[in-house]
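Note that ligands are numbered from 1 as they come in the structure, with each ligand's atoms numbered from 1 the same way.
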Amino acid sequence: SRQRQTGVSLRGLLAAGREHLRQLPEVSPTPMLLTVAAFLHRELPIRLARRVAELDRLPSLYAMPSVKLVREWYAQSAIEIFESERPVDPLSEERFARLIDAIYERHAAVLITMAKGAHELRSSMKERFAFELDLQIHQFLDSFYTSRIGIRVIIGQYLALRQCTPQSTRIGLLDTQVVPAQVAVDAVDQATMLCERQFGVAPEVELHGRLDLAFSYVPDHLYYIMLELLKNSMRATVEQHAKLVGEVDHKTLAPVKVVVADGEENEDVALKVSDEGGGIARSHMPRVWSYLFTTASHEVQERGFLDTNSRSSDFGGAPLAGLGYGLPISRAYARYFGGDVTLMSMEGYGTDAYVYLSRLGDHDEPLP
Ligand code: W6P
């Protein structure tokens with residue numbers, strides 16, 4: 001855990017992926033794939049061990065059974081990789097990939113289990129959190145989840161490259177031609193389905209701006225972010241309408257608006273999701289980004305746990321009101337490649353959510 005972590009950037013991942021695909025027709029595994037595997041073989045135990053050491057520094061959280069379980073997964077995985085043979089030829093690379101794949105699956109439920117741990121801690125304390133501890137745990141979880149995103153990106157990229165075919169714009173988890181408007185449409189479809197299932201009705205979504213824009217990104221991350229924002233906007237719209245009109249079974253909901261923007265030589269791609277769902281009180285804003293407060297009821301939370309627990313993918317369709325983790329996790333995804341998510345709200349009217357995605361690709365990943 002005392003060794004230095006080595007960061008990657010979108011540009012670095014793209015370059016390695018392209019080189020792998022260039023070498024692919026000739027040999028398998030390619031020299032580049034072996035280089036990537038060797039990088040993971042050294043890097044993953046460092047990153048995993050650091051999380052174990054960090055956890056050991058938070059005794060109040062670590063006392064929770066769920067958190068202990070997560071720590072065991074991290075320690076076990078670090079040891080397994082550390083003790084595994086270095087991937088240097090087809091056979092050892094194949095064995096290494098199988099180990100990494102199993103570890104990726106082992107850690108599928110980390111988010112939900114840590115959330116449970118934070119919940120356990122909250123209920124174990126009768127009173128509201130002491131501000132200091134609250135902040136400390138929030139920052140810990142933010143670092144923890146940011147680190148997890150990074151680990152899952154480098155693992156996911158390696159495993160996806162092994163199955164990659166050269167004739168596509170897709171390079172592992174990355175795509176050189178992500179069309180944000182198309183990702184938005186896919187997220188709208190899913191959010192609409194979830195919203196209709198929960199409320200029996202969903203607002204229309206209008207799409208504006210640079211609908212043809214394409215750039216290099218991880219489409220799964222953008223999808224996760226957009227789905228989260230759209231679910232929030234749709235829910236707010238339906239609930240606001242019910243408050244004003246006294247029913248939800250009505251088709252005159254204010255539409256949610258999505259705008260895609262980018263300028264010449266612009267460093268960012270920006271997306272905006274706007275709703276007229278009544279907005280968020282300014283005093284309420286901090287808890288919207290918190291891992292420790294959640295607006296969802298306990299019953300919904302429990303369902304949230306069950307609904308997502310069985311999934312091994314991080315990008316499945318989560319329930320409309322789950323853990324209340326969607327926003328901070330979305331922001332962590334955006335920040336991971338140098339972007340951000342912000343909310344601007346007018347209480348009594350509605351909310352604008354802005355997503356900024358760095359298109360330069362040279363941002364080194366944050367390595368807490
Ligand atoms: C709301 C609350 C919220 C959070 C995130 C995105 C959009 C919205 N709309 O009312």
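A perpendicular orientation is assigned to the rings of Tyr74 and His107, their planes being inclined by more than 60° (bins at 30° and 60°). Relative orientation of the Phe337 and Tyr217 rings is perpendicular, given thresholds of 30° and 60° on the angle between their planes.
In terms of modelled atom types and a separation under 3.5 Å, the side chain of Glu54 and the main chain of Phe144 share no donor-acceptor contact.
Counting only N and O atoms by type, the side chains of Asp189 and Thr192 include no donor and acceptor under 3.5 Å apart.
Residues Arg47 and Glu365 are paired through a salt bridge, judged by an N-O separation under 4.0 Å between the basic side chain and the carboxylate.
When all heavy atoms of Asp142 and Tyr291 are compared, the closest pair comes out as OD1-OH, 2.6 Å.
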Would you tabulate the polar-atom pairs, meaning N/O of ligand 1 against N/O of the protein, with distances under 3.5 Å, reported to 0.1 Å?
{"residue": "ligand 1", "atom": "9 (N)", "partner": "Asp275", "partner atom": "OD2", "Å": "2.7"}

